[in-house]
Amino acid sequence: MLPQNTVEILKTLNKTELKSLGDFIYSPYFNSIEKLKDLYNEIMKTYPDLESRRLEDETLHKKLYPGKEFKQKAILNLFSDFGNLLKKFLSYEKFGAEEDAMDLRLAESLSQKKCYELSKKVINDYKKRKKTSGKFSEDYFSYLYKMEKIYYSNIIHSRPIHKQDIYDSLNSRSQALMLDFLNKYSSLAHTLSLTSMVRPDEENNKKIEKFFSALNIDKLPEYVESTEDKFLPIVTMQYLLYHYIKAEMSEEQYYKLKNILIKNVENLSSEDICIYFKAILDMGILKNNVVDVEEMFDLRKLFCDLKIYPNDSIPKFSTAALQNTLICAMMLGKFEWAENFLEEYINYIDDDLRENEYNYSKGLLYFKLKKYEDSLQYLNKVKYSELLEKLNVRFYYVMNYIELKLYDAAASMVKSIKQLQRESKEIPVITFDSITNCLKFFNEIIKCGESSSKLDIAVLKEAQTSRGYFHKPYIVEKLKTMV
């Protein structure tokens with residue numbers, strides 16, 4: 001049979017890509033082994049399952065080598081050659097789709113063949129295209145640096161030599177290198193800083209922090225603002241995203257960061273729009289004393305208005321973004337918008353997650369709409385494997401039962417959550433405490449509901465002053481009605 005890794009790759013190809021693979025295999029420039037064409041044809045007859053008896057070793061040998069004695073090694077060698085050619089095809093497909101890489105290699109090849117003026121023209125056309133219509137990418141300044149390096153080589157090999165051109169090229173190359181470093185440094189530092197907040201004792205994080213602290217990077221943005229390039233605001237934004245993870249941030253500074261993104265949306269690819277919107281939304285959550293819920297909702301709504309999805313060229317819409325957007329809308333009472341958003345964006349998440357996320361989201365939405373029985377019906381269909389997801393579904397069960405005055409069912413569910421909490425060894429201390437406080441106040445609500453008694457005011461004050469715990473807003477409001 002075909003090697004498993006070859007089968008896995010083939011199953012990811014659509015019909016158009018499979019046809020291109022055939023063209024690739026049939027091209028004498030890429031393939032000189034005739035039998036690989038025959039193997040490709042046999043494989044195509046089994047698509048999309050790729051599990052037919054046609055692909056068994058002896059069956060293939062009879063088809064490809066009629067009248068010859070079966071030799072396992074001949075088939076294995078053919079499979080190996082096919083697998084290597086398949087990987088080569090994927091590489092060429094990727095490379096051919098990257099216009100920047102093609103331009104760079106063309107400029108480099110022309111320069112090596114001493115066609116210096118033609119090479120310079122390719123580079124100048126590249127820079128002009130980027131300046132007018134190109135999209136920003138992580139490697140934009142890296143490509144620019146490599147282009148300037150080739151341009152410099154072209155200048156010093158050309159006659160006559162113009163010294164000013166040499167100085168200009170060196171300056172442009174230096175600028176591209178510094179901006180490439182700042183952009184990639186900021187991106188990496190941003191990710192590592194977020195990680196170190198979750199795992200501050202991680203030894204590798206400490207080493208990276210020491211390296212960052214050794215660099216006096218904070219003055220680089222001043223340099224950035226003194227240069228001219230339409231993508232420089234994006235580099236500044238990336239740096240600020242890192243800088244404000246630990247630094248104090250004012251409302252004015254948050255809006256400056258957000259406005260850089262909004263003003264430069266047209267210069268970003270669809271994937272980068274998703275990345276930067278998420279980063280600034282995460283910053284809003286991190287600095288929740290600066291950014292209110294309405295502002296967060298407006299930014300999420302703006303993302304939806306850009307109509308990035310549907311888009312098969314970028315990653316699926318994340319379940320976290322789906323839930324956070326829904327919760328944000330529901331907190332502001334925008335239930336109709338939330339439901340319309342759910343009905344559209346549920347189609348853009350991973351297929352295998354779709355049914356669960358839809359049922360969970362509907363359960364939350366109907367709880368907020370006070371349709372408690374409908375909420376329970378949807379939650380009853382949810383089947384999560386992750387611990388925190390299981391816990392949150394159970395929390396909503398408790399809240400629905402409380403609203404329906406099914407206090408016995410609510411108390412039973414609280415016991416179920418406690419059992420789950422006790423059995424798990426993976427819950428961080430901070431999350432464990434948050435669960436414990438949540439359950440404690442749920443029990444107070446259930447106790448008062450069952451006995452129709454008044455709540456001790458001290459319990460309400462404790463609930464109001466206790467550090468963050470699960471479903472604090474709901475619990476506090478519910479306790480207020482029982483005082």
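Taking the charged nitrogens against the carboxylate oxygens, K130 and D100 do have a contact shorter than 4.0 Å, which makes a salt bridge. Residues K381 and E355 are not paired through a salt bridge, judged by the lack of any N-O separation under 4.0 Å between the basic side chain and the carboxylate. Between K362 and D374 no salt bridge is recorded (no basic side-chain N to carboxylate O distance below 4.0 Å). Ionic pairing of R354 and D351 is present here: one or more N-O contacts between side-chain nitrogen and carboxylate oxygen are shorter than 4.0 angstrom. Residues D272 and K135 are not paired through a salt bridge, judged by the lack of any N-O separation under 4.0 Å between the basic side chain and the carboxylate. Look at K478 and E403 and you find a salt bridge, because one of the NZ, NE, NH1 or NH2 atoms lies within 4.0 Å of a carboxylate O, short of that distance. Residues D282 and K278 are paired through a salt bridge, judged by an N-O separation under 4.0 Å between the basic side chain and the carboxylate.
No side-chain heavy atom of L379 sits less than 4.5 Å from a side-chain heavy atom of F367.
Taking the six-membered ring for Trp and thresholds of 30 and 60 degrees, Y360 and Y396 have ring planes more than 60 degrees apart, a perpendicular arrangement. Ring planes of Y345 and F341: parallel class, angle under 30° (limits at 30 and 60°).
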Practice task
Using the side chain to side chain donor-acceptor pair (under 3.5 Å) rule, take Q419 and E423 through it: C-alpha gap first, then chi angles, then the decisive distance, then the call.
Solution key: CA-CA 6 Å; Q419 182 67 23; E423 291 175 355; 2.5 Å; yes
Practice task
Please step through side chain to side chain donor-acceptor pair (under 3.5 Å) for the pair S375 and N400, ending with a clear verdict.
Solution key: CA-CA 8 Å; S375 175; N400 274 303; 2.9 Å; yes
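At least one donor-acceptor pair under 3.5 Å links the side chain of N356 to the backbone N or O of K383. In this structure, the side chain of D180 does not engage the main chain of A176 through any donor-acceptor pair within 3.5 Å.
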